[in-house]
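This report refers to the structure that appears directly beneath it.
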Amino acid sequence: MRGLAALAVVALLASAPAALGSSGGDSIVGGSPATPGDYPAQGFLTIDLDSNPNTFEAFCGGTLLGSTWFLTAAHCAYDGTPLASSRLRVRLGSVNWPSATDIYAVTAVDVDQAYSEATHANDLAMLRLQRPAPYPPARVVRLDEGARWASGTTARIVGWGATSSNGQNPSTSLLQADVPIRPDAVCSDPSSYGGDFDPSTMVCAGNGTADTCAGDSGGPLMVRDGADWVLVGVTSWGLGCNDLQFPGVYARLGAPALNRWVMDRHPRASFTAGPANTNQPTTFTSTSFYPPGAGSFTRFNWDLDGDGQFDDGSGAGAKWTFPTRGAHDVGLEALAPNGDRAVTRQVLGVNGSPAAVAGRYTVGEGRTVAMTGSGSDPEGNTLTYAWDLDRNGSFESAGRSATFSTLGIDGPATRAPLLRVCDSAGACSDDPATVRIVNVAPRANAGPDRRVRRNRRVRFFVRATDPGGDALTATWRIGRRTVKGSRVTHVFRRAGRYTVRVTVTDGDGGSTTDVVRVRVRR
Ligand code: ARG
């Protein structure tokens, strides 16, 4: 009974693990029986003080944080020095501890080096189980989740500890109760614990309707996270049990040093995702953690369609395209060769990408056309517009409207300037416009009108240009004669008035006719 003296001393503060005594008693004060399966991470820790492995002399609670990682209170695994792992056993998977058959040997005991037996500060120990437990581990609150456990929040306590202040024996069935998180000032008050309560490592909860008690130590103080629970404290100590003046005191997992200690000592699955827009791939990257030197996660499986099956991707990274906007439930399973398994889920808000309509346009060669695109966004977000007019990959023209110039383009032809519409969440959609460039006839100016004498040679010429840059042919009708060329000559044999026509034709069949009037004198 080597540890008894030390245990007896702290028992005055009700901070020691419950020792089995002769007085009757049953668990958590003011609790009700837990439904099997409601607290799958809850474990019953037996502590062998007399080296007879068939009996245990003290017990505690604890919480599974990884398949082989079990969090309890330091004082449950400490007797001046950390207890040998052979002294500890963990029962899981049953609300009724005596009938529990799933019993785990412990292979390592890690007591927080900052734990003080005298002050109960940093009352944390992590045990390593010999084989993986098949129950979903609990999640520890993150430092950025302070609002979840603000004072006044209703928290849940569970355990097999004593049901009254003078109770000794464990309850055979797991009990649960609700306790309000109390302001630090309440427990620091001289009428309560005064300076014995250290708000940098402890949080207190309970207002005399329910409390943890001897034997509940190491177990959880939890708050709601939707349908799940999040661990915010580890049952540590108190004066008596369920005394309005003296709330239960818990190791404060939301304190930076304690949080760091626990986070560094259990495997966790986590991932980042981005960007989450419909109709474009979202990249998922595992940021999972395994305590260095204790193993590693080597396999990752993804549930990206939200059906609960981790069969939508494997490896530390995955890609997925969401066809519909809104909330998507996605999950990651991380596996270690030693059998450790961690799972995490996230609800991803997928932004609906905007729709873009660039439009159809018809324009002549050598002209410009004003294009105006349109867009709509499922979330009604503000949209920005830009055009890649020359399709070189850069969107050089900002704004909903852009001017497309067909200068230097020989019609008929089509071009597809690209409209890009982006919403304020960063999702973009592209749509090519259809610009039909139609042929424009050349301009022709034959001239000038003239007076000539009969039987004299006269020159005609035409100036012509084509907006499409085509090669041009000029065809003249002079009397009954047809001649080709930009400069032609003719001899009129009779006096009179003549109309000379020149038709200039471009390479695409477009033509323009101009006339020259000639007066021939005798
Ligand atoms: N120290 C006790 C244990 O080892 C738990 C004390 C909790 N006491 C309280 N009043 N809430 O089991």
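Residue numbers start at 1 and run along the sequence shown. In this text the structure is predicted, and so the values were computed from the model without any measurement.
Ring-plane geometry between Trp160 and Phe44 is classed as perpendicular, the angle between the planes exceeding 60 degrees on a 0 to 90 degree scale with a lower cut at 30. Note: Phe271 and Trp302 have perpendicular aromatic rings, judged against thresholds of 30 and 60 degrees for the angle between ring planes. Using a 30° and 60° split on the angle between ring planes, Tyr39 and Trp229 fall in the tilted class, from 30° to 60°. Between Phe284 and Phe322, the two ring planes are perpendicular [angle over 60°; tilted spans 30° to 60°].
Applying the side chain to side chain contact (heavy atoms under 4.5 Å, CB included) criterion to Ala334, with sequence neighbours excluded, gives Ala269, Ser288, Phe297, Phe300. With sequence neighbours excluded, the residues forming a side chain to side chain contact (heavy atoms under 4.5 Å, CB included) with Ala73 are His75, Cys76, Asp123, Val234, listed by chain and number. Legend: residues meeting salt bridge (Lys or Arg N to Asp or Glu O under 4.0 Å) with Asp423, ordered by chain and number and at least two apart, are absent. For Arg325, the salt bridge (Lys or Arg N to Asp or Glu O under 4.0 Å) partners at least two apart in sequence or on another chain are Glu379. Annotation: salt bridge (Lys or Arg N to Asp or Glu O under 4.0 Å) contacts of Arg299 (sequence neighbours excluded): none. Partners of Asp184 by salt bridge (Lys or Arg N to Asp or Glu O under 4.0 Å), not counting sequence neighbours, listed by chain and number: Arg252. Residues forming a side chain to side chain contact (heavy atoms under 4.5 Å, CB included) with Ala358 (at least two apart in sequence, or on another chain): Trp387, Leu419, Asp431, Ala433. Remark: Val95 pairs with Pro36, Leu174 by the side chain to side chain contact (heavy atoms under 4.5 Å, CB included) rule, at least two apart or across chains.
Note on residues 99-110: pairs passing salt bridge (charged side-chain N to carboxylate O under 4.0 Å, His left out), not counting sequence neighbours, are Asp102-Arg131, Asp110-Arg265. Identified under the salt bridge (charged side-chain N to carboxylate O under 4.0 Å, His left out) test for residues 326-355, with sequence neighbours left out: Arg128-Asp340, Asp303-Arg345, Asp329-Arg345, Glu333-Arg341. Listed by first then second residue, pairs satisfying salt bridge (charged side-chain N to carboxylate O under 4.0 Å, His left out) with a partner in residues 143-157 read Arg139-Glu145, Arg142-Asp144, Arg142-Glu145, Glu145-Arg148, Arg148-Asp225, Arg156-Asp178, not counting sequence neighbours. Among residue pairs with one or both ends in residues 266-286, none qualify as salt bridge (charged side-chain N to carboxylate O under 4.0 Å, His left out); sequence neighbours excluded.
In the model, Asn96 has no side-chain atom that pairs as donor or acceptor with a side-chain atom of Ser94 under 3.5 Å. If you check the side chains of Thr344 and Gln346, you find no donor sitting under 3.5 Å from an acceptor. There is a side-chain donor-acceptor pair under 3.5 Å between Ser51 and Arg87. Between the side chains of Thr107 and Ser85, no donor N or O sits under 3.5 Å from an acceptor N or O.
The two residues Pro220 and Gln42 come nearest to each other via the heavy atoms CD-OE1, 3.1 Å. The minimum heavy-atom distance between Thr209 and Asn242, with the atom names listed, is N-OD1, 3.3 Å.
Between Val179 and Asn207, every side-chain heavy-atom pair lies at or beyond the 4.5 Å cut-off. Between Ser270 and Phe289, the closest side-chain pair of non-hydrogen atoms is not below 4.5 Å.
The cationic group of Arg400 lies under 6.0 Å from the six-membered ring centre of Tyr385 and within 45° of the ring axis, placing it in a cation-pi geometry.
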Applying ring-ring contact (aromatic ring centres under 6.0 Å, His included) to Tyr115 and Trp261, what does each step give before you reach the verdict? CA-CA 11 Å; Tyr115 167 61; Trp261 193 89; over 10 Å; no
The test is side chain to side chain donor-acceptor pair (under 3.5 Å); show your working for Tyr193 and Asp198 and say whether it passes. CA-CA 9 Å; Tyr193 298 118; Asp198 171 14; over 6 Å; no
